[in-house]
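One structure is given below, encoded as structure tokens.
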Amino acid sequence: MHKNKSYFFCGIGGSGMLPLANIVRDAGATVAGSDRALDQGRLGAKFEWLQSLGIDLFAQDGSGLVSGDQILIASAAIEDSVPDVAKANALGCARMTRAELLADLFNNAPRSVAVGGTSGKSTVTGMIGWILTDAGLDPTIMNGAVMKNFVADDAPFASARVGQGDVFVSEVDESDGSIALFTPEVAVLNNVSLDHKSLEELRQLFGDFAKKAKTSVWNADDAETVALMEPLSLAGAISFGFAAQADFRATDIVDLPLGSRFTLHAMGDTHDVALIVPGRHNIANALAAIAAATALGVTVAQAIRAIERFNGLARRFDIVGTANDITVIDDFGHNPDKIAATLATLKAFPGRIIAFFQPHGFGPIRVMGAELAGVFANMLGKDDHLILCDPVYFGGTVDKSIGSQSITDAVTAAGQNAEYIPAREDCGNRMVDLAQPGDRIVIMGARDDTLSAFAGGLVMQLAKSS
């Protein structure tokens with residue numbers, strides 16, 4: 001990255017683009033951008049905040065690109081017909097993907113932690129970042145979600161933190177293969193499961209990722225990860241999980257509606273730990289984060305003190321509100337593992353579940369629709385209810401031949417209650433009609449920040465319906 005250059009982010013409001021734009025701006029470079037959501041009048045508060053930081057925003061019509069000296073930051077998949085790309089090509093602007101720019105910053109940091117895996121990346125990244133911050137290491141953190149511990153009046157969308165210390169912490173993405181660009185000191189591998197790529201491709205990517213690191217932190221409970229890591233016999237590797245052989249192990253687990261308690265066995269000692277984020281998946285996330293922090297010199301006791309005050313991430317089992325004894329939860333669940341973890345957390349306690357799911361594209365339905373339907377069919381009870389709307393679609397060319405109804409049809413065929421209602425607003429009305437005191441409504445989906453507003457609107461509708 002060059003401080004004397006001007007970077008133009010196409011899609012600057014995206015979960016991966018926004019934090020990176022902030023890190024680049026704080027590093028001293030000039031930053032501007034455009035976003036389709038801005039053009040459509042969505043997510044106004046986010047764009048107002050970016051403008052308050054001195055970031056110029058433009059319509060996504062090419063008007064923000066005026067010089068060949070600008071560097072266009074855009075997704076590798078974005079088409080040349082998009083006006084910003086066409087204008088950049090005409091001006092002769094250099095072009096980088098988000099991952100290429102992030103890897104450049106990350107690989108040049110004196111010390112680094114990269115968090116990979118199909119599920120849990122953002123949470124573990126936030127946990128590690130919070131532990132290191134609390135321990136005084138002043139890290140830079142690049143996340144794909146807002147970290148509640150870092151939210152402030154001047155940072156309402158704190159998915160990044162820019163520190164003056166030596167450590168750079170970032171989640172890294174396997175879905176586009178860009179994980180291969182990163183050379184971390186500490187590599188965290190949460191799990192390996194079907195999402196955007198075949199398992200064969202994932203095994204190669206994650207195996208190479210682990211081998212490049214000085215220390216690999218890996219999940220001893222995930223069969224695919226175990227099969228990947230054990231043959232590598234990497235020196236200094238640290239395992240975590242509930243399994244008896246894990247280096248950082250949790251036992252004596254007590255599940256609570258809004259947290260958990262457990263005993264940590266690590267480095268020859270035992271410690272009592274209390275989390276204020278719920279679910280066994282978050283215990284596993286905490287184990288990974290504590291192990292990674294110790295690889296950077298933080299003591300286990302320091303890490304525990306911090307992790308017990310970790311408030312979670314926006315849209316990760318985020319309790320939006322309760323009305324008429326009906327609780328609405330906003331959640332990022334979108335692949336089989338994430339959705340299973342969310343439903344398991346809900347099913348640990350009594351009460352009917354009304355699960356809403358907005359698939360994050362037509363492509364993901366083709367890749368994992370059968371697995372998603374299996375998770376819903378297996379984990380929802382006979383009194384629970386599943387509702388799907390149409391997938392996320394903000395334009396572009398895509399095969400729409402297989403949609404949300406393929407999932408609800410499969411769940412219904414398995415004997416569970418499931419409905420496909422095309423329009424999201426109509427889904428909301430249906431959930432309000434269905435909901436009874438004691439129910440939990442969970443809103444799940446990715447790639448659409450307006451889901452949080454949708455969840456908040458449901459709380460208001462429920463309050464008015466009393």
Side-chain angles (χ1 to χ4, degrees), residues 315 317 320-336 338-347 350-393 398-448 450-465:
R315 302 216 64 236
F317 208 87
V320 178
T322 299
N324 301 325
D325 197 29
I326 301 163
T327 299
V328 178
I329 298 159
D330 187 23
D331 192 77
F332 189 66
H334 64 281
N335 66 32
K338 288 185 173 73
I339 289 172
T342 296
L343 294 179
T345 301
L346 288 165
K347 296 299 285 186
R352 196 174 66 148
I353 298 170
I354 300 175
F356 168 83
F357 178 48
Q358 178 179 280
H360 58 296
F362 288 92
I365 293 177
R366 288 195 302 276
V367 172
M368 62 181 115
E371 288 80 7
L372 287 165
V375 167
F376 286 123
N378 292 331
M379 300 199 69
L380 292 175
K382 62 181 179 62
D383 296 324
D384 300 328
H385 208 98
L386 172 67
I387 297 175
L388 268 72
C389 69
D390 282 330
V392 171
Y393 177 68
V398 65
D399 178 1
K400 301 180 183 178
S401 59
I402 301 176
S404 298
Q405 191 166 359
S406 65
I407 297 175
T408 55
D409 284 349
V411 175
T412 302
Q416 305 290 28
N417 303 311
E419 293 181 60
Y420 161 62
I421 302 173
R424 194 170 75 183
E425 181 180 356
D426 293 336
C427 292
N429 295 333
R430 174 64 172 149
M431 286 187 281
V432 170
D433 289 341
L434 280 170
Q436 302 168 1
D439 287 352
R440 283 83 48 81
I441 297 175
V442 59
I443 304 303
M444 293 183 287
R447 293 184 183 166
D448 184 356
T450 65
L451 284 167
S452 295
F454 175 62
L458 279 179
V459 177
M460 295 175 64
Q461 279 185 263
L462 290 165
K464 291 177 182 177
S465 67

Only one of Ile387, Thr450, Ile443, Asp390 forms a side chain to side chain contact (heavy atoms under 4.5 Å, CB included) with Arg424, so which one is it?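 The passing option is Thr450.
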
Are side-chain N/O atoms of Gln461 and Asn429 paired as donor and acceptor at under 3.5 Å?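 On atom types as modelled, these side chains qualify, holding a pair under 3.5 Å.
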
Quick one: does any side-chain atom of [X] pair with a main-chain N or O of [Y] as donor and acceptor, under 3.5 Å?
X      : Y      : value
Ser404 : Cys389 : yes
Asn417 : Lys382 : yes
Arg440 : Leu346 : yes
Arg315 : Gly445 : yes
Asp439 : Ile326 : no

Which atom names give the shortest non-hydrogen contact between [X] and [Y], and what distance separates them?
X      : Y      : value
Asp330 : Ser452 : OD2-OG, 2.7 Å
Leu462 : Ser465 : O-OG, 2.8 Å
Ala435 : Ile441 : CB-CD1, 4.1 Å
Tyr393 : Lys400 : CE2-NZ, 3.5 Å
Arg447 : Pro364 : NH1-CG, 4.4 Å

Rounded to the nearest 0.5 Å, what's the gap from [atom1] on [X] to [atom2] on [Y]? Could you check?
X      : Y      : atom1 : atom2 : result
Ile402 : Ile407 : CD1   : CD1   : 10.5 Å
Met431 : Asp426 : CE    : CG    : 10.5 Å
Phe356 : Met444 : CZ    : CE    : 9.5 Å
Ile365 : Ser401 : CD1   : OG    : 10.0 Å
Glu419 : Leu386 : CD    : CG    : 9.0 Å
Leu372 : Lys338 : CG    : NZ    : 11.5 Å

For a 4.5 angstrom cut-off between non-hydrogen side-chain atoms, does [X] reach [Y]?
X      : Y      : value
Asp384 : Gln416 : no
Phe454 : Gln358 : no
Phe317 : Ile329 : yes

Look at the aromatic rings of Phe357 and Phe376 and report parallel, tilted or perpendicular, splitting at 30° and 60°.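 Answer is tilted, since the angle falls between 30° and 60°.
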
